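Down below is the structure, laid out as structure tokens.
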Amino acid sequence: MTPSAGPGTVAHRLREGMAGGVLSFPLTSFRDDGTLDPDGFRAYVAQRLAASPGAVFPACGTGEFFSLDEDEYRQVVTIAVEEAAGRVPVVAGTGYGWAQAARFARIAEEAGADALLVLPHYLVAAPQDGLVAQLEHIAARTRLPLIAYQRGQVAFTAASLQRIAALPNVIGLKDGHSDLDRLQRLTLAAPEDFLFFNGAATAEIQARAYATVGVPAYSSAVHAFAPEIADAFFTALRDDDHATVDTLLRGFYVPLVELRDRVPGYAVSLVKAAARLRGHRVGPVRAPLTDPSPADLAALTALLAAGLDLVGAAL
């Protein structure tokens with residue numbers, strides 16, 4: 001796919017991909033000194049693609065978008081596009097205020113990305129008119145389809161959702177609030193072909209609940225380090241195999257969330273540490289995040305081994 005593909009084409013491919021696999025949010029590889037490791041990232045993305053995700057979302061939250069400068073961002077998105085080679089859509093992150101988001105959008109477009117995930121803007125709370133205007137400004141400055149991400153200080157009303165959905169290149173919404181009452185109102189207000197994604201942290205925990213309000217697609221941080229577990233859960237959920245879903249939730253996902261909640265930023269730090277445990281060349285996190293403590297790393301190692309054992313895989 002090329003950046004000239006229309007929003008409808010990209011949305012169709014994303015819908016097809018979401019029906020067949022989880023959405024993969026690859027980590028960004030850094031060396032021990034904190035510099036970008038392009039070769040490590042290329043190898044890592046190739047391994048993610050080999051696990052057959054529905055789409056790849058480089059330089060987003062899990063990929064530490066907030067820590068990348070523009071040159072690093074260009075390298076990350078370019079590598080993801082090259083490795084995907086049109087097999088699955090590549091949706092790059094963008095964010096901050098609309099002016100900076102437009103700069104990153106331009107880079108992603110030049111790099112060949114298929115679409116953009118618009119991460120929550122920086123710092124300030126804003127009224128609904130401002131949230132809509134943020135999307136309007138970005139949409140006016142890129143040909144790429146946009147997926148809005150509501151999380152933190154960004155939360156759309158049904159009326160605002162209808163306004164952004166009317167923009168020609170806004171094709172979907174990723175939700176990180178897990179407010180199912182609000183989300184149900186949004187899905188009912190949206191056009192029939194509008195895409196919705198479960199973007200809760202460790203989305204599998206709430207995947208069944210999201211599906212009940214018409215949002216079965218989800219992003220999987222676990223796919224970043226244990227696609228065997230992520231794929232087993234996805235298959236069980238799709239097939240209404242509730243026994244397997246419950247087994248994986250009790251034996252792996254719930255303990256992972258409990259470990260994640262110990263320290264701010266562990267939603268990324270633990271994922272990166274787990275990827276290193278699997279032998280992936282992803283390196284440390286960048287400040288302001290911190291890598292897990294020795295005690296938490298030991299707990300993660302034991303939990304990962306147990307989770308892999310549940311699906312017949314090994315550390």
Side-chain angles (χ1 to χ4, degrees), residues 1-14 23-30 35-36 38 41-42 45 55-124 126 130-152 154 163-174 195 197 199 219 286:
M1 185 182 298
T2 68
S4 60
T9 302
V10 176
H12 176 73
R13 288 201 66 202
L14 279 169
L23 306 176
S24 178
F25 284 66
L27 300 155
T28 298
S29 298
F30 298 122
T35 57
L36 183 69
F41 180 69
R42 184 179 296 278
V45 169
V56 174
F57 288 66
C60 293
T62 305
E64 298 179 77
F65 167 78
F66 49 84
S67 292
L68 300 176
D69 67 26
E70 292 183 11
D71 180 63
E72 293 169 331
Y73 176 85
R74 183 185 299 275
Q75 293 182 68
V76 165
V77 177
T78 298
I79 290 169
V81 169
E82 290 174 350
E83 291 300 313
R87 290 175 289 168
V88 296
V90 175
V91 183
T94 190
Y96 306 117
W98 64 260
Q100 188 64 32
R103 290 175 63 90
F104 281 102
R106 186 160 52 251
I107 294 168
E109 188 171 329
E110 293 168 353
D114 297 298
L116 294 164
L117 177 65
V118 182
L119 303 172
H121 64 267
Y122 173 67
L123 190 60
V124 296
L131 298 181
V132 172
Q134 166 87 340
L135 268 295
E136 289 174 338
H137 280 296
I138 299 169
R141 289 163 173 80
T142 181
R143 294 178 299 165
L144 294 180
L146 305 179
I147 299 166
Y149 189 4
Q150 63 169 19
R151 192 186 187 101
V154 177
R163 291 171 64 188
I164 65 171
L167 298 171
N169 54 338
V170 175
I171 62 172
L173 177 77
K174 181 181 180 184
L195 301 175
F197 309 82
S219 56
R286 275 183 174 173

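All values derive from a computational prediction rather than experimental measurement.
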Would you check if the side chain of [X] reaches a backbone N or O of [Y] as a donor-acceptor pair within less than 3.5 Å?
X: E64; Y: L27; value: no
X: N169; Y: L146; value: no
X: R42; Y: V76; value: no
X: H137; Y: A140; value: no
X: Q134; Y: W98; value: yes
X: T94; Y: A101; value: yes
X: R87; Y: A84; value: yes

Subject >> Intermediate values then yes/no, side-chain contact (heavy atoms from CB on, under 4.5 Å), L167 and L135 >> reply: CA-CA 9 Å; L167 298 171; L135 268 295; 4.3 Å; yes

**OP:** Compute the ring centroids of Y96 and F65, then answer whether they are less than 6.0 Å apart.
**Re:** yes

Over all heavy atoms of both residues, which pair between [X] and [Y] is shortest? Give the atoms and the distance, please.
X: L144; Y: A105; value: CD1-O, 4.2 Å
X: R151; Y: P120; value: O-CG, 3.6 Å
X: V90; Y: A80; value: CG2-O, 4.0 Å

**OP:** For V118 and V154, run side-chain contact (heavy atoms from CB on, under 4.5 Å): C-alpha distance rounded to whole Å, both residues' side-chain angles, the deciding distance at 0.1 Å, then the answer.
**Re:** CA-CA 11 Å; V118 182; V154 177; over 6 Å; no

Original post:
Regarding K174 and the six-membered ring of F197, is the cationic atom NZ or CZ under 6.0 Å from the ring centre and inside 45° of its axis?
Top reply: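 No.
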
Subject >> Trace of the side-chain contact (heavy atoms from CB on, under 4.5 Å) decision for Q75 with L36 >> reply: CA-CA 9 Å; Q75 293 182 68; L36 183 69; 3.9 Å; yes

Counting C-beta onward and ignoring hydrogens, is there a side-chain heavy-atom pair between [X] and [Y] closer than 4.5 Å?
X: L117; Y: F25; result: yes
X: Q150; Y: L173; result: yes
X: V56; Y: V91; result: no

Subject >> Note: E72-R286 ion pair, threshold 4.0 Å (strictly below) >> reply: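 The answer is yes: the pair qualifies as a salt bridge.
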
Subject >> Over 12 non-hydrogen atoms of neighbours within 6.0 angstrom of CZ in R103 >> reply: no

**OP:** Say whether E70 and Q100, considering side chains only, have a donor N or O and an acceptor N or O under 3.5 Å apart.
**Re:**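 Q100 and E70 do have a side-chain donor-acceptor pair below 3.5 Å.
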
